[in-house]
Amino acid sequence: MDFELRRATEKLEKEQRERKEKSRLKLERERKAKQEAIRQREAIEAAQLSRRLDAAEAQLKADQQMEESLLAGRGIMFYRVLEVVPFQGNGDKIKLPPSCFTELSGQGAFDKGPMHFRLSVIHQEAPSDLKVDEGQNHGTTHAGVLEFTAEEGSVGLPPHVWGNLFPADAPKTSLIEVRYVWLPKGTYAKLQPDEFGFSDIPNHKAVLETSLRHHATLSQDDVLTVNHGALAYHLRVLELKPSSSVSVLETDIEVDVVSPDSASGRTNQPVLKSLIFGTSESGTVKEGNYMYYKFSIDNDTWGKISSGDAKIMVKIESDTQDGDTDLYISKHPLLFPTQHQHGWSSHVVGSKSLVLSSKNPSLGIGTYSIAVYGFKGTTKYQVSVTVQDCDHKVGQQAVPSSSSVETDTVECRNCKHYIPTRTIALHEAYCSRHNVICPHAGCGVVLRIEEAKNHIHCDKCGQAFHQGEIEKHMKVFHEPLHCPCGIVLEKEQMVLHQTSDCPLRLTTCQFCGDMVQAGTSAADVRDKLRGLSEHESVCGSRTAPCNWCGRSVMLKEMDIHRIAVHQKN
């Protein structure tokens, strides 16, 4: 009986413990469920709060961007993301799609004057092998607009804008942000050429001004490309006033051009080294290459030369064992004389010199360039420019040559010179044994018999040369030269062609004063009758106020206006 009662008691206690454990576990599960529900509710509330904050921040940012765009555009809100497409053109004016014209005109942008745009690269993940040059600030620049003819979704960029937005090896497919902005008119700009020699260009600021006519804007750290003939100079914008980006339309800008950095200045273009009178410079030139120098004739020096008291001597001393040189001289604005273009030249074998005196009609005050051309091999040389006094015999009267000739003379049958009668027999006996006359028509030079074999004439021009000089003469004067305009001529005809006829020659524009390519004659019949070149016809179409009446008159019509309206010649 006690045994059964004990078993029943143990069974009851066990069941009670199991019920308590189940109850405890149930309470624990309910507690954890409540905690998880609380955590989930808190997470949902936090996510909702975060979304509300992000939305508020995005709305604030959008409002700020809109305010900035309205402020930058003076009330014009225009923003597009477009794919870039390169096109060949000058300056910084871009091509936009026709839809941009509609959007801008709808906001009255054309009534607010010239339009300017800020261009920013939308940075994408670049390939690992794409290298950006250090010191280049690619990514943002400003531009004007050329026309609205680009395809929808794209923007046309000229080389200037492309080069300032992207590195040289950037992919051809990129996206940029085009945003309408208002820019203040520029008052000051500081530029620095990347290459040496830009200041050697005559009136280089006028050349820069002509190049800026193709631009609507300037931005700090941009690089301008200024072309002068076959040369191209790159000028970096160091400083601008009153802003880091300015408009250059219808404004006068004070421009400072500082010297290039000697450590980073490029030398991929020829440079003129200065020569001091009386001081020689040594150098080495390889075959087919040029070495350039310059010297200047000031007022005092020209006074001596024009009066006949002095002359300029340009001399090259070289060793012909390993090579030979040629000497070319030109007057500015022709900066770099060549085989095709020069004013004076010397082609004798070995050391050579050129004398410039008052007898040269094109000589005058100014700067002159010297080119030492490597004709053959590698040549070491010394070049110098000196001012030499002319020798004048004072107090002596010139005696006519006929007074010194005896009247009793006889012509030598061998050399055809007139010899006194008393010595003619002795002279003819000696002359016939030792001298011979050159048989070439028009020459008649009396030569020693041993020298006659080295005296030859050019078959093309008939000039007389020493046997060792004829090869160089044929190569220099009679080998055909190719002009960049397509004409093929010999040296003398080529020099004349590139001086007066070649459409690629540099001439001074009578309206802007810049050195420009002559080009063809003007397309307009009236301009052609005036003798205007293609460039002058376009450049002269610019207007300027008349000094007497203030009316805006085209530059090429200004002389006619002054005569017809104001009777001013």
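All heavy atoms count here, side chains included; hydrogens, waters and symmetry mates do not.
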Report the C-alpha distance between Asn289 and Tyr373 in whole Å, list the side-chain angles of each, state the deciding distance to 0.1 Å, and finish with yes or no for side-chain hydrogen bond (donor to acceptor under 3.5 Å, both in side chains). CA-CA 6 Å; Asn289 294 338; Tyr373 175 69; over 6 Å; no

Do the side-chain N and O atoms of [X] and [Y] include a donor-acceptor pair separated by under 3.5 angstrom?
{"X": "Glu317", "Y": "Ser351", "answer": "no"}
{"X": "His340", "Y": "His482", "answer": "no"}
{"X": "Thr217", "Y": "Asp92", "answer": "yes"}

Can you spot which of His214, His215, His234 makes a ring-ring contact (aromatic ring centres under 6.0 Å, His included) with His160? His215

Take Ser362 and Asn360, measure what side-chain hydrogen bond (donor to acceptor under 3.5 Å, both in side chains) needs, and give me the verdict at the end. CA-CA 6 Å; Ser362 56; Asn360 299 111; over 6 Å; no

Chi angles and distances behind the side-chain contact (heavy atoms from CB on, under 4.5 Å) call for Asn435, Asn414: CA-CA 8 Å; Asn435 297 334; Asn414 185 54; 4.0 Å; yes

Heavy-atom check, side chain of [X] versus side chain of [Y], under 4.5 Å:
{"X": "Ser318", "Y": "Lys380", "result": "no"}
{"X": "Ile312", "Y": "Phe295", "result": "yes"}
{"X": "Val223", "Y": "Leu235", "result": "no"}
{"X": "His497", "Y": "Ile487", "result": "yes"}
{"X": "Thr187", "Y": "Ile253", "result": "no"}
{"X": "Ile365", "Y": "Asn299", "result": "yes"}

Should the pair Asp324-Lys352 be classified as a salt bridge under the 4.0 Å nitrogen-to-oxygen rule?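 Salt bridge between Asp324 and Lys352, a charged N being under 4.0 Å from a carboxylate O: yes.
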
Evaluate the criterion side-chain hydrogen bond (donor to acceptor under 3.5 Å, both in side chains) for residue pair His347 and Ser345; output intermediate values, then yes/no. CA-CA 7 Å; His347 305 277; Ser345 64; 3.2 Å; yes

For the NZ atom of Lys311 and the NZ atom of Lys304, what is their distance to the nearest 0.5 Å? 15.0 Å

Atom CG in Leu532, atom CZ in Arg526: separation rounded to 0.5 Å? 11.0 Å

I'd like to know whether Asp326 forms a salt bridge (Lys or Arg N to Asp or Glu O under 4.0 Å) with Lys376, so could you lay out the CA-CA distance, the side-chain angles of the two residues, the decisive distance to 0.1 Å, and finally the verdict. CA-CA 9 Å; Asp326 286 335; Lys376 181 177 69 174; over 6 Å; no

Do the rings of [X] and [Y] sit parallel, tilted or perpendicular, given the 30° and 60° boundaries?
{"X": "Tyr292", "Y": "Phe336", "answer": "perpendicular"}
{"X": "His457", "Y": "His455", "answer": "perpendicular"}
{"X": "Tyr233", "Y": "Phe198", "answer": "perpendicular"}

Least distance between heavy atoms, Thr338 atom then His342 atom: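 The pair with the smallest heavy-atom distance is O-ND1, 2.9 Å.
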
Full working for side-chain contact (heavy atoms from CB on, under 4.5 Å) between Tyr368 and Ile297: CA-CA 8 Å; Tyr368 295 79; Ile297 298 179; 3.5 Å; yes

With a cut-off of under 6.0 Å to the ring centre and 45° to the axis, is Lys475 in cation-pi contact with Phe375? yes

